[in-house]
2 protein chains.
Amino acid sequence: MTKEKVTSQQVAQLAGVSQSAVSRVYTAGASASKKTTAKVHKAATTLGYRPNVLARAMVSGKSRIIGLFVGYLENQFYPDAIEKLSTQLQVKGYHVLIFMASKTAGNIDSVVEEILDYQVEGIIVASVALSSQLADRCRLAGVPIVLFNRSQDGEGLSCVTSDNFSGGAKAARFLLAGGHKKIGYIAGWEGASTQRDREFGFTAALQQAGGTLYAREVGDFSMEKASEATRQMFSEDSPDAVFVANDHMAFAVMDTLRFELGLRIPEDVSVISYDDVPAAAWPAYNLTTVRQCADQMVQETVRILMEQIHSDGMQGQQVAIGSPIIVRGSARIPEGWE
Amino acid sequence: MTKEKVTSQQVAQLAGVSQSAVSRVYTAGASASKKTTAKVHKAATTLGYRPNVLARAMVSGKSRIIGLFVGYLENQFYPDAIEKLSTQLQVKGYHVLIFMASKTAGNIDSVVEEILDYQVEGIIVASVALSSQLADRCRLAGVPIVLFNRSQDGEGLSCVTSDNFSGGAKAARFLLAGGHKKIGYIAGWEGASTQRDREFGFTAALQQAGGTLYAREVGDFSMEKASEATRQMFSEDSPDAVFVANDHMAFAVMDTLRFELGLRIPEDVSVISYDDVPAAAWPAYNLTTVRQCADQMVQETVRILMEQIHSDGMQGQQVAIGSPIIVRGSARIPEGWE
DNA sequence: ATAATTTTTGCATACGTATCTATTTTAGAT
DNA sequence: ATCTAAAATAGATACGTATGCAAAAATTAT
């Protein structure tokens with residue numbers, strides 16, 4: 001393609017000032033007189049000049065780029081979060097370089113290397129596990145990492161999650177209060193901290209009430225697997241309630257219960273899950289679920305990232321956002337539930 | 001944060017070669033002997049060296065960055081497309097800098113300026129309209145643009161869409177073949193070419209069969225508006241079939257028909273729409289819809305972009321991908337439909 | 001009006017890499 | 001072994017900007 005590069009040099013020439021003067025006009029906090037500022041702006045608009053972010057990044061070491069590393073976007077929670085993240089960072093003058101952890105495009109580690117090649121100022125990792133070498137490498141390069149919706153032990157990494165343990169417990173108490181006796185759980189991918197913490201919270205609350213898990217299957221956060229898990233779980237001696245590790249799977253579970261097994265929700269079986277993605281509120285599902293407050297999670301993520309970027313070698317922060325239960329119609333509502 | 005920058009200079013020193021030798025080792029198609037290549041690689045791994053993409057971009061003029069400008073991600077079609085786009089570009093050595101056209105972060109034009117500031121090699125615009133000044137500006141800067149799922153007249157811009165006209169026509173013929181007499185249409189945002197073309201195709205096919213549109217409302221591609229449009233359309237003398245401009249709205253339409261108006265689908269009213277997002281296949285909706293083949297659209301988008309990047313001042317290309325109708329259960333199936 | 005201070009400015013340099021040019025090394029041919 | 005052609009290498013420069021430094025201009029104080 002034909003190029004037409006307008007440089008600060010050309011602007012300087014047209015404005016009759018030095019290149020450094022032009023640079024100072026576009027650098028916040030640098031000194032330039034009213035007169036030169038005006039001349040420069042005039043020349044700049046005439047030529048259509050805009051500072052080259054990449055060149056600026058080279059000399060200043062600030063790329064204004066945040067690397068976003070994300071596993072998959074099928075679960076609506078993530079697009080939602082990406083939109084919010086990108087928008088908030090944009091406001092702060094940063095932009096998001098996105099990297100998919102797809103299987104086809106090499107392994108995780110090589111992708112992180114690619115991210116670092118772009119001299120990003122920070123990395124947000126959503127729904128992907130990071131090897132400790134990688135974490136070290138980023139630490140060495142001075143690039144802060146924030147895990148979004150995942151936590152990872154032992155690395156001292158910053159992370160932002162919802163309070164999965166307490167959220168899981170809330171789900172259990174809700175089902176117990178509804179008088180359910182045979183409560184099943186459909187797990188997500190067992191390598192995920194979210195899965196683990198939700199299950200811990202859920203079973204802990206069950207046990208505290210003297211109950212126990214009636215059935216358990218694994219859905220790996222996939223709809224197909226979740227359907228299969230449902231068939232398995234309801235093949236004999238069906239539970240009267242199921243907690244599903246996230247909404248995405250819950251949709252599949254509900255569809256399987258209704259359209260394959262002919263069960264009514266919540267009359268025959270209560271379903272409750274976790275996330276509160278937009279579709280949970282759609283009348284077809286009307287799903288009772290524990291909300292992950294994407295707005296707050298994003299806000300905290302951005303805050304931590306900014307703090308780490310602007311301070312030297314700051315400690316990792318672990319933040320868990322409160323997760324309220326959103327009562328809709330997919331699970332029997334306990335008598336006198338406030 | 002603390003920095004530890006490893007430069008080609010340091011690698012050169014350790015390897016006992018010149019900086020240019022190191023550069024040539026990492027530049028495809030440059031000449032370097034087996035021996036130096038080995039020495040350089042050894043030194044590079046020792047120090048943990050990787051070329052700085054930004055510095056490379058400065059001198060070569062190739063940033064390996066593609067700007068992706070997207071309106072909103074609520075409609076699952078877009079996250080899906082983004083995932084595919086990003087993955088395919090990653091394979092080709094490009095990466096995606098994402099920009100949200102949110103209302104909170106300034107107007108469209110300023111966002112495009114920001115994209116250009118990053119010296120992107122190309123821009124993909126999804127579901128956003130571009131002013132002609134902007135298009136000119138990009139042309140001037142030598143940055144090719146491809147519109148994704150939108151077309152725009154008169155600018156000579158490249159675009160990739162599905163064949164919306166013929167897709168709309170297919171929807172009409174399907175409903176007609178099903179014996180429907182009172183056919184309504186719920187439009188998307190009327191500024192969108194996709195909306196326009198789908199409607200043209202739909203009404204053209206109706207008229208060709210001697211029919212005419214029985215009712216029409218506007219849903220603006222929003223679920224709330226679509227629900228409202230549905231209530232309006234079915235407030236008196238209801239249609240026996242509705243074509244909805246995209247799946248995203250169709251979900252709201254179906255929910256409203258079923259849970260507010262108590263109508264059965266497809267017994268009382270047939271619903272058909274456009275996109276075939278994953279949720280369309282969920283049993284709760286089981287939506288008959290015209291498929292936009294995201295894979296092919298993405299593939300064409302990437303192809304065109306690459307062509308434009310690697311050739312000087314190439315003509316814009318307009319590509320429309322075939323859009324098959326996917327028959328499920330939300331619309332009455334015509335007798336003997338193959 | 002002069003001196004002391006502050007602000008503004010231009011010059012030179014640096015950021016990390018690719019690439020052009022000239023030179024040296026290597027391989028090939030006689 | 002000598003000459004020629006090809007390959008490899010080091011040195012120098014350029015990309016577009018920010019910034020330290022010293023000189024110049026503008027402002028203030030005396």
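Sequence lines set the chain letters: A, B, ... in the order given, protein chains first and strands last, and positions in each chain run from 1.
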Nucleic acid footprint by protein, nucleotides 13-20 of chain C - heavy-atom cut-off 4.0 Å, B for base, S for sugar-phosphate alone:
--BBBBB-
Under 4.0 Å from OP1 or OP2 of C/dT8: is there any side-chain N or O of A/T36 that close?
no
Output the rounded distance in Å from NZ (A/K35) to P (C/dT7).
17 Å
For a quick check under 3.5 Å, do B/S193 and B/Q152 share a side-chain donor-acceptor pair by atom type?
no
Taking any heavy-atom pair under 4.0 Å as a contact, classify A/A32: base, sugar-phosphate, or nothing.
sugar-phosphate
Are any of the side-chain heavy atoms of B/F69 and B/V111 separated by less than 4.5 Å?
yes
Approximate separation, where rounding is to 0.5 Å, of A/M58 CE and A/Q119 CD:
9.0 Å
Once you measure the plane-to-plane angle for B/F77 and B/F148, does it fall in the parallel (<30°), tilted (30-60°) or perpendicular (>60°) bin?
parallel
Is there side-chain contact between A/T301 and A/I124, with heavy atoms separated by less than 4.5 Å?
yes
